[in-house]
Amino acid sequence: MIGWMQKHKKYLIITIWISTIAFVGAGFVGWGSYSFSSTSNAVAVVGDRKISIEKLQREYAKLYNLYNQLFNGDLDNEQAKKIGIEEQALNNLISRALRLNYAYDLGLRISKEEVIDALIAMDTFQNNGQFDNEIYKRLLADNQLRPKDFEEELGESLLLEKLNAILEIPLTPLETEMMGAIYFTEDHVKIHILKQSDITFTPAQEAIKKYWEENQDIYQTERGYEIASILISPDSIGANEENLKKYYEDFKNQFLNANGQLLTFQEAKEQVLEKYKDAQAEKESLKEYIALRKGENSKAEISTLYEGDETYGVEFLDLLSQAKEQSTIKQKKATSPQR
């Protein structure tokens, strides 16, 4: 089957749309005839088959009527363009031509007798169980079709039916077994876990040194920063009742309950104390920062801070990594201050 597909892949396309001749009652829509600009009567050539403007018009009309029903009769030309009916119609005809070419390559043919038999068997053209030539001609005329064109398309549809019958060949038991083998193939794996204690290895000093020399880039200490810092803890800030009440009066809108109502001083006293100490510690740190920047701060402690040390928080380490040498970083509240 795979070999067959490779040999005839030029006739295979992704989308296969088998169209039947079901034109009665459809006809052409009231928007007028549709045409593509072309120097000949063909809009496309597929192998030896030409796709005429008339065929494209009929396919377009059929698709237009189909979509118009879905739009409850409100489809217009602008909507048809957005949907891409024009491209769909041409693609359908190209697909049909490809499959017809392939059928001919396989040696399939439809005789005139087969077309006649199919034609007279269609209920649409019968009167009291017999084919009526007058009904046949009238219905074709109503749908703007010539008998020659209709019979040609009918013959093509019959040829495609033969092709479909050939392509729908059931798999043989051997092919079924082969496909099953592909889907249910299993790998047998044997796993043996080695522990470090199971390995006996005594490397020579020269081998160890050589390995270090080849990989010394991965054996480095963490980046460190030598800093001069001053740590001011809020716990070192003293506070009396008068200072706390004044801070409460100045910033009382910060002390609200869950309902958004103002807390009394006594209710918010613990919060007031915490915020007051933070505010005073920030003021003191600003003074120390200015003195440190001028080089006049003798209380600064020299220490080395390595990457991964979160004593002052990750944000502070980020500031250090971006700071220039001998620069002074403005005071920051540590995430996890030293005690």
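Quick caveat, the model's predicted, so the values are computed rather than measured. These values consider heavy atoms only, across backbone and side chains, with no hydrogens, waters or symmetry-generated copies.
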Between the main-chain N or O of [Y] and the side-chain N or O of [X], is there a donor-acceptor pair closer than 3.5 Å?
| X | Y | answer |
| --- | --- | --- |
| N143 | L145 | no |
| E59 | L56 | no |
| N215 | Y211 | yes |

So that I can tick it off, tell me whether [Y] and [X] are bridged by a salt bridge, with the cut-off set at under 4.0 angstrom between side-chain N and carboxylate O.
| X | Y | answer |
| --- | --- | --- |
| D198 | K195 | no |
| E152 | K55 | yes |
| K269 | E241 | yes |
| E206 | K209 | no |
| E156 | R96 | yes |

Only distances under 3.5 Å count here; give the side-chain donor-acceptor pairs of residues 125-139 to other protein atoms, sequence neighbours excluded, each with its distance to 0.1 Å.
| unit_1 | atom_1 | unit_2 | atom_2 | d |
| --- | --- | --- | --- | --- |
| Q126 | NE2 | I120 | O | 3.0 |
| N127 | ND2 | D132 | OD2 | 3.4 |
| D132 | OD1 | E134 | N | 2.9 |
| D132 | OD1 | I135 | N | 3.3 |
| Y136 | OH | E151 | OE2 | 2.7 |

Practice problem: Report the C-alpha separation of L273 and K277 in whole Å, then their side-chain angles, then the decisive distance to 0.1 Å, and conclude whether the side-chain contact (heavy atoms from CB on, under 4.5 Å) test is met. | Solution: CA-CA 6 Å; L273 177 61; K277 287 186 175 184; 3.7 Å; yes
TODO: Assert yes or no for the condition that the ring centre distance of F71 to Y67 is strictly below 6.0 Å.
DONE: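 Between F71 and Y67, the centre distance exceeds or equals 6.0 Å.
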Check your understanding: Any chain of hydrophobic side-chain contacts (each under 4.5 Å) joining L167 to L159?
Key ->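 They do share one cluster, since a chain of ILVMFWY contacts under 4.5 Å joins L167 to L159.
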Between [atom1] of [X] and [atom2] of [Y], what distance do you get to the nearest 0.5 Å?
| X | Y | atom1 | atom2 | result |
| --- | --- | --- | --- | --- |
| Q69 | Y64 | CD | OH | 12.5 Å |
| M122 | L154 | CE | CG | 6.0 Å |
| D74 | N68 | CG | CG | 7.5 Å |
| N92 | E87 | CG | CD | 11.5 Å |

Exercise for review: Kindly indicate whether a cation-pi arrangement holds for R99 with Y104, taking the cut-offs as under 6.0 Å to the six-membered ring centre and within 45° of the axis.
Suggested key: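 No.
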Practice item. Tell me, with the steps shown, if E86 and K81 meet side-chain contact (heavy atoms from CB on, under 4.5 Å). Key: CA-CA 7 Å; E86 174 183 312; K81 288 181 180 179; 5.8 Å; no
task: Flag the pair Q57 / I53 as yes when at least one side-chain heavy-atom distance between them is below 4.5 Å, and no otherwise.
output: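 A side-chain contact under 4.5 Å exists here.
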### Message
Could you walk me through whether F251 and V272 satisfy the side-chain contact (heavy atoms from CB on, under 4.5 Å) test, starting with their C-alpha distance in whole Å, then the side-chain angles of each, then the deciding distance to 0.1 Å, before giving a yes or no?
### Response
CA-CA 9 Å; F251 303 99; V272 174; over 6 Å; no
N/O donor-acceptor pairs under 3.5 Å from side chains in residues 261-268, not counting sequence neighbours:
| unit_1 | atom_1 | unit_2 | atom_2 | d |
| --- | --- | --- | --- | --- |
| T264 | OG1 | E267 | N | 3.2 |
| T264 | OG1 | E267 | OE1 | 3.2 |
| E267 | OE1 | T264 | N | 2.9 |

